[in-house]
Amino acid sequence: MEEYTRLNKELQHLQTQIAEKQWVEARLIEMEAKMANQKSQLAHLQEQLAKERADITALEGLSLVGLFYSILGNKDQQLEKERREALMVQLKYDEAQQSLALNEAEVEGLKVRMQRIHEAEEMLEAKLEIKLSLLLLEPTPAAQALKQRHTQWQALKKQKLEISEAFEAGKLYREILELLTRQLKSTQNWGTWDVLGGGMLSSYVKQQRLGDVRKTLSSLRHYELKFRRELADIKQSLDLDVELTGVEGFLDVFFDNLITDWIVQQRINRSLAGAQKAFSQVGQVLDTLVVRYQQVDNQIVIEEGELRKKIVEAT
């Protein structure tokens, strides 16, 4: 009981420190936007001040402008006017510069406060873990209910990680499918090329292209199996019923003893259709994963909030 009392006081103190986080974040955003505007204004005033000083220099010197006003007889009057204008701009510039400096100092202070808040958050998490471990040891119905909620929360976090891993595996698989599609499309007119007399150069280029496709297919098998494994880990939670188009038939196109371009062309076209279909299916699965990831993430936020509340309120 004494341990709980001490922990509760520490938790309350840390929560008080963290309570201002939202205000500090909003103030930081506001101040940074304000400072960006001030810097733009300072640059404009600096340009204006340089122009005013150039006008004064032109009047004071032996420039055409100075000579013109001397002839008119009002050079001193015009010079005084330019100096007043320059002084006004200088005062505005100095004021803006001072205001920016004060705002920069405030932002630095806010960043220090935010750092302390982050440290308080880390400390709060550590204290919550300690209190949770103590609560879970108690043989009470409340402790059992808390343990069940904690288990659910952990399961959701694991599910979120698995969905993320499946998504990344799917992205890689889709990239390889996209590469294979481009490579197969580049071979679609081989038959016509031979009819027009491609000859030895045609055969050499074909072998080069076939070599590229073989390498891609080798990678494709690896990434397809990895994606299937990752999907298998989350299939139950996602309730998916997806059959990805296999690529087993792709390699049949590229055998060592090619018979005729006509036969090869037919098989290439079928393989291209299969690759495009697989690409489309993978895209649909990835879209599903994105939606499910967001749903699980929302559940985690809710569960974590409830769990933290139960831990803090426990005495």
Side-chain angles (χ1 to χ4, degrees), residues 159-298:
Q159 190 180 132
K160 178 182 173 180
L161 177 62
E162 289 174 343
I163 293 172
S164 178
E165 290 172 346
F167 182 81
E168 291 303 318
K171 276 177 58 179
L172 290 172
Y173 179 45
R174 188 171 61 168
E175 287 172 9
I176 301 298
L177 280 169
E178 187 176 19
L179 173 61
L180 179 65
T181 299
R182 289 200 304 269
Q183 290 173 335
L184 290 172
K185 280 183 177 180
S186 73
T187 68
Q188 280 186 306
N189 296 320
W190 278 0
T192 305
W193 194 3
D194 272 1
V195 170
L196 295 176
M200 187 178 296
L201 179 61
S202 170
S203 297
Y204 173 76
V205 173
K206 284 183 182 181
Q207 290 303 318
Q208 290 285 94
R209 295 278 180 82
L210 290 174
D212 291 340
V213 175
R214 286 191 186 98
K215 290 178 183 177
T216 303
L217 283 167
S218 178
S219 298
L220 187 66
R221 288 188 183 280
H222 169 77
Y223 287 110
E224 181 185 5
L225 290 173
K226 180 174 175 58
F227 188 33
R228 287 181 183 278
R229 284 197 301 270
E230 297 293 349
L231 281 178
D233 289 342
I234 58 173
K235 205 159 190 176
Q236 184 176 359
S237 60
L238 286 174
D239 193 26
L240 288 177
D241 185 18
V242 177
E243 285 297 330
L244 296 175
T245 302
V247 295
E248 291 77 13
F250 287 3
L251 281 178
D252 293 340
V253 177
F254 310 107
F255 42 86
D256 292 333
N257 300 315
L258 300 178
I259 302 174
T260 67
D261 277 346
W262 179 76
I263 295 176
V264 173
Q265 194 66 64
Q266 280 190 326
R267 294 186 179 181
I268 286 174
N269 290 339
R270 286 200 299 270
S271 297
L272 175 59
Q276 290 172 326
K277 182 179 179 181
F279 182 87
S280 176
Q281 284 184 310
V282 173
Q284 292 173 9
V285 175
L286 290 179
D287 289 342
T288 303
L289 290 175
V290 169
V291 173
R292 184 56 181 150
Y293 181 91
Q294 190 58 57
Q295 290 174 342
V296 172
D297 192 51
N298 292 340

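Just so we're clear, the structure is a prediction, and the values are computed from it rather than from any experiment.
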> Does K215 have any side chain to side chain contact (heavy atoms under 4.5 Å, CB included) partners at least two apart in sequence or in another chain, and if so, which?
Replying inline: none
>> Could you tell me if the side chain of L286 sits less than 4.5 Å from the side chain of V290, heavy atoms only?
In response: no
> How far apart are the closest heavy atoms of E230 and A169, and which atoms are they?
Replying inline: CG-CB, 3.9 Å
>> For the backbone of Q284 and the side chain of T288, can you confirm whether one donor and one acceptor N or O come within less than 3.5 Å of each other?
In response: yes
> Taking only residues two or more places apart in sequence, or in another chain, which ones meet F279 in a side chain to side chain contact (heavy atoms under 4.5 Å, CB included)?
Replying inline: R174, L177, E178
>> So, using side chain to side chain donor-acceptor pair (under 3.5 Å) as the criterion, who are the partners of K160 when residues are at least two apart?
In response: D297
> Roughly how far apart are F167 CZ and D287 CG, rounded to 0.5 Å?
Replying inline: 8.5 Å
>> How long is the straight-line distance from CG of L179 back to CG of L184, given to the nearest 0.5 Å?
In response: 9.5 Å
>> Suppose we screen for side chain to side chain donor-acceptor pair (under 3.5 Å). Which residues come up paired with E165, at least two apart in sequence or across chains?
In response: none
>> Can you confirm whether R221 sits close enough to E224 that some side-chain heavy atom of one is under 4.5 Å from a side-chain heavy atom of the other?
In response: no
>> S219: which residues meet the side chain to side chain contact (heavy atoms under 4.5 Å, CB included) condition with it, sequence neighbours left out?
In response: I176, Y223
> Closest heavy-atom contact between Y173 and A278?
Replying inline: OH-CB, 4.4 Å
>> salt bridge (charged side-chain N to carboxylate O under 4.0 Å, His left out) for E175 and K171? Distances and angles first, verdict last.
In response: CA-CA 6 Å; E175 287 172 9; K171 276 177 58 179; 5.6 Å; no
> What residues, two or more places apart in sequence or in another chain, satisfy side chain to side chain donor-acceptor pair (under 3.5 Å) together with T216?
Replying inline: Q183
> If every non-hydrogen atom of L180 is compared with every non-hydrogen atom of A275, which pair is closest and at what distance?
Replying inline: CD2-CB, 4.2 Å
> Quick one: side chain to side chain contact (heavy atoms under 4.5 Å, CB included) partners of Q295, sequence neighbours excluded?
Replying inline: V291, R292
> Can you name the residues that form a side chain to side chain donor-acceptor pair (under 3.5 Å) with Q294, not counting sequence neighbours?
Replying inline: N298
> What are the two closest heavy atoms between F227 and A166, and how far apart are they?
Replying inline: CE1-O, 3.3 Å
